[in-house]
Amino acid sequence: EVQLVESGGGLVQAGGSLRLSCAASGFTFDDYAIGWFRQAPGKEREGVSCISSSGGRTYYTDSVKGRFTISSDNAKNTIYLEMNSLKPEDTAVYYCALDLQYGCGVGIAGMEYWGKGTLVTVSS
């Protein structure tokens, strides 16, 4: 079965960096869209970044552009989210999610599989 496991969260000071990993299994890692989403208390879950194997397209929400980088290591079946220049506003539970039918434009509702999340806390 499909499994997504996030790791790499933790507590960092503002301005610091973290690299999140999403280890994926249970499907052929050759045609996918995997997105990173986050949800802070009292806030709606929002898309952060997405990468698709179709066309090599990536997506970043405006608030993280220039600070976060999504990448894939197909040999390891792993998606990464490198987060730099972290801000307290980045504090949230970060989830990775997978869609096997559509591209990154499918959005939150279209993602078929979700990990359990990893908590990122950025102190001021």
Side-chain angles (χ1 to χ4, degrees):
E1 62 186 82
V2 172
Q3 186 175 22
L4 304 173
V5 180
E6 303 96 335
S7 62
L11 173 64
V12 297
Q13 290 186 336
S17 299
L18 285 173
R19 187 179 71 166
L20 305 184
S21 298
C22 175
S25 61
F27 66 99
T28 302
F29 205 77
D30 60 0
D31 190 1
Y32 60 83
I34 295 181
W36 285 98
F37 301 81
R38 66 186 181 186
Q39 188 166 21
K43 301 291 186 180
E44 296 294 321
R45 188 171 299 186
E46 65 172 339
V48 176
S49 186
C50 187
I51 187 167
S52 175
S53 63
S54 300
R57 299 294 300 271
T58 59
Y59 162 85
Y60 301 94
T61 193
D62 286 345
S63 63
V64 308
K65 286 181 179 177
R67 300 189 297 121
F68 292 10
T69 303
I70 191 169
S71 62
S72 64
D73 186 337
N74 292 338
K76 296 182 180 295
N77 286 9
T78 301
I79 302 294
Y80 302 98
L81 185 67
E82 181 72 31
M83 305 186 296
N84 300 312
S85 301
L86 283 162
K87 304 175 180 180
E89 305 91 270
D90 296 316
T91 296
V93 176
Y94 284 71
Y95 302 87
C96 64
L98 166 70
D99 177 73
L100 296 175
Q101 295 181 310
Y102 307 100
C104 290
V106 69
I108 293 173
M111 290 294 179
E112 300 169 30
Y113 306 97
W114 292 81
K116 297 295 185 181
T118 185
L119 176 63
V120 172
T121 303
V122 184
S123 62
S124 60

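We're numbering straight along the sequence, starting at 1.
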Visitor: Would you give the length of the straight line joining atom CD of Gln39 to atom CD of Glu44, rounded to the nearest 0.5 angstrom?
Guide: 7.0 Å
Visitor: Can you name the nearest heavy-atom pair linking Thr78 to Ala23, along with the distance?
Guide: OG1-CA, 4.1 Å
Visitor: Please answer whether the main-chain N or O of Val122 pairs with a side-chain N or O of Thr91 as donor and acceptor at a distance below 3.5 Å.
Guide: yes
Visitor: Measure the SG-CD1 distance between Cys22 and Ile51 for me, rounded to the nearest 0.5 Å.
Guide: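 Separation between the atoms: 11.5 Å.
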Visitor: Is there a side-chain contact between Glu6 and Trp36 in this structure, where contact means two heavy atoms from C-beta onward sitting under 4.5 Å apart?
Guide: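 Yes - at least one pair of side-chain heavy atoms lies under 4.5 Å apart.
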Visitor: Evaluate the criterion salt bridge (charged side-chain N to carboxylate O under 4.0 Å, His left out) for residue pair Lys65 and Asp62; output intermediate values, then yes/no.
Guide: CA-CA 5 Å; Lys65 286 181 179 177; Asp62 286 345; 3.0 Å; yes
Visitor: Taking a hydrophobic cluster as the set of Ile, Leu, Val, Met, Phe, Trp and Tyr residues connected by side-chain heavy atoms closer than 4.5 Å, whether directly or through intermediates, do Leu98 and Val5 fall within one such cluster?
Guide: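 No, separate clusters.
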Visitor: In Å, rounded to the nearest 0.5 Å, how long is the span from NZ of Lys87 to OG of Ser124?
Guide: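 Nearest 0.5 Å value for the NZ-OG distance: 14.0 Å.
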Visitor: For the residue pair Ile108 and Trp114, establish whether any side-chain heavy-atom pair is separated by less than 4.5 Å.
Guide: yes
Visitor: Going by heavy atoms in the side chains, are Arg38 and Asp90 under 4.5 Å from each other?
Guide: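 Touching, per the 4.5 Å side-chain cut-off.
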Visitor: Does the side chain of Leu20 come within less than 4.5 Å of Phe68's, by heavy atoms?
Guide: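 With C-beta onward as the side chain, the pair stays apart.
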Visitor: Flag the pair Val106 / Met111 as yes when at least one side-chain heavy-atom distance between them is below 4.5 Å, and no otherwise.
Guide: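 They are in contact (side-chain heavy atoms under 4.5 Å apart), so the answer is yes.
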Visitor: Would you say the side chains of Tyr32 and Asn77 form a donor-acceptor pair under 3.5 Å?
Guide: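 Checked: Tyr32/Asn77 side chains show no N/O donor-acceptor pair below 3.5 Å.
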Visitor: Do you know the tightest heavy-atom contact between Ala24 and Phe27?
Guide: CB-CE2, 3.6 Å
Visitor: Show the nearest heavy-atom pair for residues Arg67 and Ser85, with the distance to one decimal.
Guide: NH1-O, 3.0 Å
Visitor: Taking Val64 as the starting point, is it possible to reach Val93 by hopping between hydrophobic residues whose side chains are less than 4.5 Å apart?
Guide: no
Visitor: Do any N or O atoms from the side chain of Tyr60 and from the backbone of Ile70 form a donor-acceptor pair under 3.5 angstrom?
Guide: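 Confirmed, Tyr60 side chain pairs with Ile70 backbone.
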Visitor: Quick one: does Ser7's side chain get under 4.5 Å of Thr118's, heavy atoms only?
Guide: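 The answer is no, as the side chains (C-beta and beyond) never meet within the 4.5 Å cut-off.
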Visitor: Provide the closest heavy-atom pair for Ser17 versus Asn84 in the form atom of the first, atom of the second, distance.
Guide: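 Looks like OG-OD1, 2.8 Å.
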Visitor: With Arg45 as the cation and Phe37 as the aromatic partner, state whether NZ or CZ is under 6.0 Å from the six-membered ring centre and within 45° of the axis.
Guide: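 That pair does not qualify as a cation-pi contact.
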Visitor: Membership question, hydrophobic clusters at under 4.5 Å side-chain separation (ILVMFWY): are Phe29 and Tyr113 in the same one?
Guide: yes
Visitor: Are Leu81 and Ser49 packed together at the side-chain level, in the sense that at least one heavy-atom pair is separated by less than 4.5 angstrom?
Guide: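 Of all side-chain heavy-atom pairs linking Ser49 with Leu81, at least one is under 4.5 Å.
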Visitor: Restricting to non-hydrogen atoms, name the atom on Ala14 and the atom on Pro88 that form the minimum distance, rounded to 0.1 Å.
Guide: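 Of all heavy-atom pairs spanning Ala14 and Pro88, the closest is CB-CD, 4.1 Å.
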Visitor: Transitively linked via ILVMFWY side-chain contacts under 4.5 Å: Ile79 with Leu18?
Guide: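 In one cluster: yes.
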Visitor: Taking a hydrophobic cluster as the set of Ile, Leu, Val, Met, Phe, Trp and Tyr residues connected by side-chain heavy atoms closer than 4.5 Å, whether directly or through intermediates, do Ile34 and Val48 fall within one such cluster?
Guide: yes
Visitor: Working to the nearest 0.5 Å, report the span between OG of Ser21 and NZ of Lys76.
Guide: 10.0 Å
Visitor: What distance separates Thr121 OG1 from Leu119 CG, expressed to the nearest 0.5 Å?
Guide: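 The distance works out to 3.5 Å.
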